[in-house]
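Input: a single structure, listed below in structure tokens.
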Amino acid sequence: MTFSPPPQTSDKSASPSELIDPFGRHVSYLRVSVTDRCDFRCVYCMSEHMSFLPKKDLLTLEELDRLCSAFISKGVRKLRITGGEPLVRKNILSLFKSLSRHLETGRLEEVTLTTNGSQLAKFAGDLRAAGVRRINVSVDTLDPVKFKAITRWGDLGNVLDGIKAAQREGLAIKINAVALKDVNEHEIDDLIRFAHGEGHDLTLIETMPLGDIEGDRTDQYLPLSVVRARLLDKWTLEDIPFRTGGPARYVTVRETGGRLGFITPLTHNFCESCNRVRVTCTGTLFMCLGQEDAADLRAPLRASPDNGLLFEAIDEAILRKPKGHDFVIDRRAQKPAVGRHMSMTGG
Ligand code: SAM
């Protein structure tokens, strides 16, 4: 089943103003978590026994389209569809297809996807046809046994097949790997060789204290400052100004010619240049990944077919965008910085 783009809602009552927060940052990037469900249970992301939102609490795909379109009319230029695992949401392709009208008008620069790759073999061609040109695929290890242990439910071969399919379709691929102490810390060289050998970028991510995972995050946390120092024994890293709109800072690895990104929310946060907000599948807007404050957009969205109330709610929320997060991972801080999992807010 597909849905047609919703009829244009009236924006007469809307302020045409763009989204500028109290610190002068221009919000031009929206990440949308289209489901909190996932077909993996990565140990740093979820607990093994998760309870998920009842379907009735979710925004429909039509409502998600309307919400994204409202942000686009307020100056959002980049959309990233994420989750949970976005490709497990039923009929998700129809959302990509309907959003592609904003690519055609040029109001939107790009729609990207973050995925665990499990469904990519099936969806790569259709994603390309719907205007997606760039995707992030999460792969923390190239060892199939370890992959199973990290993801609990995942199959590495299946993910690698998905990556191949995406590559055949001409999608630009970035591999995301969370750096995990004692787990993949001695495989970073292999991940560089693999990603760059296949022509993909690679980004390393520090594990963030989001949600209860039935384990101790201090056991997982590996500062990327340590990883970077170790890499210098083997590789020549050259800082480059390349940006994708996200928080990663990039180097070129001279020996491979490939790009390597570092996302370092703990050792060095880049909140001063944050241009992002996140909306969940229930229409909750989070102005910062690492803070609890949020705004409900579902009620104003449903209150009227006109976007006036929705715009007001978005404007008010942006005025509350905090300066930054303050993640800490150490033995004294046993509680996560925020109670919700990354799978809810969207990575
Ligand atoms: N299912 C998709 C995937 O696997 O990429 C999209 C959602 S997932 C939450 C997005 C990214 O967040 C993944 O790269 C995942 O490894 C990362 N992630 C999840 N929990 C994290 C945490 N606590 N700290 C750092 N990264 C995390």
Side-chain angles (χ1 to χ4, degrees), residues 31-47 50 52 79-89 92 112-120 123 127 134-141 147 150-156 158-159 162-163 166 173-181 183-184 191 195 200-224 227 244 246-248 261-267 269 276 278-281 286 289-290 325 327-329 333 335-347:
R31 295 198 178 189
V32 187
S33 174
V34 294
T35 176
D36 62 331
R37 289 167 196 255
C38 189
D39 50 350
F40 290 4
R41 292 286 180 278
C42 297
V43 290
Y44 51 82
C45 184
M46 292 185 172
S47 60
M50 295 283 292
F52 293 107
L79 276 185
R80 176 170 293 281
I81 305 298
T82 177
E85 173 47 41
L87 297 182
V88 302
R89 174 133 186 196
I92 189 64
T112 57
L113 164 76
T114 301
T115 175
N116 65 22
S118 67
Q119 314 290 314
L120 255 186
F123 283 109
L127 287 166
R134 235 164 38 88
I135 61 172
N136 290 355
V137 188
S138 306
V139 181
D140 300 324
T141 175
F147 189 86
I150 294 174
T151 60
R152 291 190 180 110
W153 295 3
D155 176 70
L156 179 65
N158 187 22
V159 171
I163 292 174
I173 298 165
K174 179 159 78 81
I175 306 293
N176 277 345
V178 176
L180 298 164
K181 189 161 74 178
V183 178
N184 63 1
L191 284 165
H200 311 318
D201 290 349
L202 170 68
T203 293
L204 304 173
I205 307 174
E206 281 174 342
T207 178
M208 292 172 248
L210 306 173
D212 189 2
I213 52 163
E214 295 164 0
D216 184 349
R217 285 191 192 273
T218 11
D219 294 338
Q220 300 179 339
Y221 174 53
L222 176 62
L224 286 184
V227 174
T244 60
F262 295 87
I263 299 185
T264 54
L266 284 110
T267 51
N269 79 51
R276 287 174 297 289
R278 294 173 156 84
V279 73
T280 71
C281 55
F286 286 98
L289 179 64
H325 60 252
F327 290 140
V328 181
I329 294 185
K335 273 179 39 161
V338 295
R340 61 187 190 276
H341 294 90
M342 183 78 137
S343 51
M344 180 182 161
T345 329

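Atoms considered below: every heavy atom in the structure, side chains included; atoms not considered: hydrogens, waters and symmetry mates. We count ligands from 1, going down the list as the structure has it; atoms in each ligand are counted the same way.
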Would you check if the side chain of Gln119 reaches a backbone N or O of Leu87 as a donor-acceptor pair within less than 3.5 Å? no
With rounding to the nearest 0.5 angstrom, report the CZ to CG distance, Phe40 to Asp155. 7.5 Å
Taking only non-hydrogen atoms of Ala177, do any sit less than 4.0 angstrom from ligand 1? no
Checking Arg278 against Ser33: is there a side-chain donor and acceptor pair closer than 3.5 Å? no
Heteroatom distance test (Thr114, ligand 1): nitrogen or oxygen, under 3.5 angstrom: no
Ligand 1 N/O within reach of Met208 N/O, cut-off under 3.5 Å: yes
Hey, is ligand 1 close enough to Asp140 that some N/O pair sits below 3.5 Å? no
Taking N or O atoms only and a 3.5 Å limit, does Thr82 qualify as a polar contact for ligand 1? no
For ligand 1, which atoms, with element, lie under 4.0 Å from some heavy atom of Ser138? 3 (C), 4 (O), 5 (O), 13 (C), 14 (O)
For the backbone of Asp140 and the side chain of Asn184, can you confirm whether one donor and one acceptor N or O come within less than 3.5 Å of each other? yes
Any idea which atoms of ligand 1 are less than 4.0 Å away from a heavy-atom of Gly84? 1 (N), 2 (C), 6 (C), 7 (C)
Could you tell me whether ligand 1 has any atom less than 4.0 Å away from a heavy atom of Glu206? yes
Could you grab the distance from atom CE of Met46 to atom CZ of Arg152, nearest 0.5 Å is fine? 9.5 Å
Of all the atoms in ligand 1, which lie at a distance below 4.0 Å from a heavy atom belonging to Cys45? 19 (C), 20 (N)
Heavy-atom contacts with Thr207 under 4.0 Å: which atoms of ligand 1 show up? List them by number with element. 24 (N), 25 (C)
In Å, rounded to the nearest 0.5 Å, how long is the span from SG of Cys42 to CD of Glu85? 10.0 Å
Using a strict 4.0 Å cut-off to heavy atoms of Val178, name the atoms of ligand 1 that fall inside it. 16 (O), 26 (N)
Do Arg41 side-chain atoms and Thr151 backbone N/O form a donor-acceptor pair below 3.5 Å? no
